[in-house]
Amino acid sequence: MLQIAEIRENKEAFAKALQKRNIDALPLLESAIAVDENRRNLQAQLDETLSKSNKLSKEIGDLFQSGNVAEANELKAQTTDLKESSKQLSDQLSAVVEELQTILYAIPNIPQDSVPAGSSDEDNEVVFQYGDLPILHEGAKPHWELVKDYDIIDFELGNKITGAGFPVYKNKGARLQRALINYFLDKNTAAGYEEMQVPLLVNEASGYGTGQLPDKEGQMYHVGIDDLYLIPTAEVPITNLYRGSLLEIKDFPIAMTGYTPCFRREAGSYGSDVRGLNRLHQFDKVEILRIEHPDQSDAALDAMVVHVKGILEELELPYRILRLCGGDLGFTSTLTYDFEVYSAAQEKWLEVSSVSNFKTFQANRLKLRYRTGDKGTELAHTLNGSSLALPRILASILENFQVHNALHIPKVLIPYCGFDAID
RNA sequence: GGAGAAGUGGCAGAGUGGUCGAAUGCACUGGUCUUGAAAACCAGCGAGGGUUACACCUCCAGGGGUUCGAAUCCCUUCUUCUCCGCCA
């Protein structure tokens, strides 16, 4: 959520920057400003009425104390009108506050200058590419066939006990999953991210805090009887650990990592895009998050990108980094780098990480602030990224490391797996 | 799940209808003293809205109510603690 004070000051510049998202936000921004004007007006009127009635109440108290009951009762009569109008004003005010809230929730974050214009993922800018694309042997197979051949992931069993998009990992497949999780967590904690294990269900307030609500409730599984949501990403519970916090400058930077399963309803289309491990309703992910001083968040984003690069290189996977264009940029982000690994049998790039700087957008909803040197408070910046999402990493490992009668394991994972091949 | 108790500033902890945005202690910040530090002493010290700045308004777990007036009384939700039940 943008801050109304900033909208007031930067209306034109914001509208211009939001054009990169292919929206004309000017009417929204202007109505936010108008509604806020109204809000402040009502607030001032309400404050004045309350002030009057506070004064009267004090006088009444004094009169009672000094035994002057008749005069006190006279004053009492005067409060009726004040009560009535303060009731009205405060009703109007809450309606206007809600109206403003609704408008602000509808405005996406301001893209940074470096974000390219564009309307879809085709306009994303490839800013870096690493590794040679593997040349596979004759008869190489996509991962959904490999997992069947080697009996390491069973989609049918998942269908039986839950439904489509909930695979069952078996044998060395399960072990490889656990290896990846441990490896990722080790890399992240070694880089200074504090490991957290958090609830997989969150309440409504947390959903609002990170921006999944009110917009995207359809993407989350909702446990109606308890009014809780299954997390779509660890970003939600981990960022919300700091909801409502007032930090000191010395607390920065805050860096956290956590492994969680992620649950996504997103129905999506059927076909090769969602085959096998490409898109699931439940998948595992290790996330990294940072809470930063505003001066440091750009550098922090770069550092996160470098960190993820290091992991992919150790895994010996060819990858590329995209700077998302305005049309593809997430609602809450100012700048996002997507990492894609090459899945050699599918001959496709698969997104495995998305690293974003949200600046104050989430912090404003979260009321996540820090004390500035001079007695004031400011919103902190939040960032996060995957480090990494498992299924597509697994898919490319299986495909890229296949030989005619075995699936090799990247060297760095062998100590974690306890085997060097699936055969 | 059942019975009871409780939720106040960063922490501890007073406050049961007006003089309370809230005593006191600790912590913290500035100053005096000191070669420096500690101790002692003095002063300051929650957040949000609003204002050029004041004024002013709001907040004592959340929401609602009673009252001229609520941290204080009532209802409700949540959370914590104790006892019982169940349980990995």
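Letters go in sequence order (proteins before strands), and every chain restarts at 1.
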Engineer: Looking at B:rC28, I'd like to know if its phosphate oxygens (OP1 or OP2) sit under 4.0 Å from a side-chain N or O belonging to A:Arg371.
Structural biologist: no
Engineer: When the C1' atoms of B:rU67 and B:rG62 are compared, how many Å lie between them, rounded to an integer?
Structural biologist: 22 Å
Engineer: A:Ile60 near the nucleic acid: base, sugar-phosphate alone, or nothing, with a heavy-atom cut-off under 4.0 Å?
Structural biologist: base
Engineer: Using atom C1' of each nucleotide, how far apart are B:rC75 and B:rC83 to the nearest Å?
Structural biologist: 27 Å
Engineer: I'd like the C1' distance from B:rC60 over to B:rA43, given in whole Å.
Structural biologist: 27 Å
Engineer: Just say parallel, tilted or perpendicular for the rings of A:His281 and A:Tyr221, cut-offs at 30° and 60°.
Structural biologist: perpendicular
Engineer: Would you kindly compare A:Leu46 and A:Lys58 by the position of their nearest RNA chain B nucleotide and give the one closer to the 5′ end?
Structural biologist: A:Lys58
Engineer: Nearest heavy-atom pair of A:Leu18 and A:Asn109: which atoms, and what distance?
Structural biologist: CD2-O, 3.5 Å
Engineer: Looking at B:rG49, B:rU58, B:rG18, which one has an atom nearest to any side-chain atom of A:Arg39?
Structural biologist: B:rG49
Engineer: Which nucleotide wins on minimum distance to the side chain of A:Arg369, given the candidates B:rC68, B:rG48, B:rG49?
Structural biologist: B:rG48
Engineer: What does A:Thr79 touch in the nucleic acid at a heavy-atom separation under 4.0 angstrom: a base, only the sugar-phosphate, or nothing?
Structural biologist: sugar-phosphate
Engineer: Between B:rG63 and B:rU58, how far apart are the two C1' atoms, rounded to whole Å?
Structural biologist: 16 Å
Engineer: Quick one: CD on A:Glu195 to CD1 on A:Ile238, what's the gap to the nearest 0.5 Å?
Structural biologist: 9.5 Å
Engineer: Counting side-chain heavy atoms from C-beta on, which of B:rC56, B:rC68, B:rA47 comes nearest to A:Lys83?
Structural biologist: B:rC68
Engineer: NA contact type, A:Ser53, heavy-atom cut-off 4.0 Å: base, sugar-phosphate, or nothing?
Structural biologist: nothing
Engineer: Kindly compute the distance separating OG1 (A:Thr382) from CG (A:Asn364), expressed to the nearest 0.5 Å.
Structural biologist: 11.0 Å
Engineer: Nearest whole angstrom, please: distance from the P of B:rC68 to the CZ of A:Phe64.
Structural biologist: 9 Å
Engineer: When the P atoms of B:rC84 and B:rA12 are compared, how many Å lie between them, rounded to an integer?
Structural biologist: 27 Å
Engineer: Quick check: on RNA chain B, is the nucleotide nearest A:Asn54 upstream (toward 5') of the one nearest A:Thr377, or the reverse? Name the residue that is more 5'.
Structural biologist: A:Thr377
Engineer: Considering only B:rG50, B:rC68, B:rU58, which nucleotide approaches the side chain of A:Arg8 most closely?
Structural biologist: B:rG50
Engineer: Working to the nearest 0.5 angstrom, can you tell me the gap between A:Asp81 CG and A:Ser53 OG?
Structural biologist: 11.5 Å
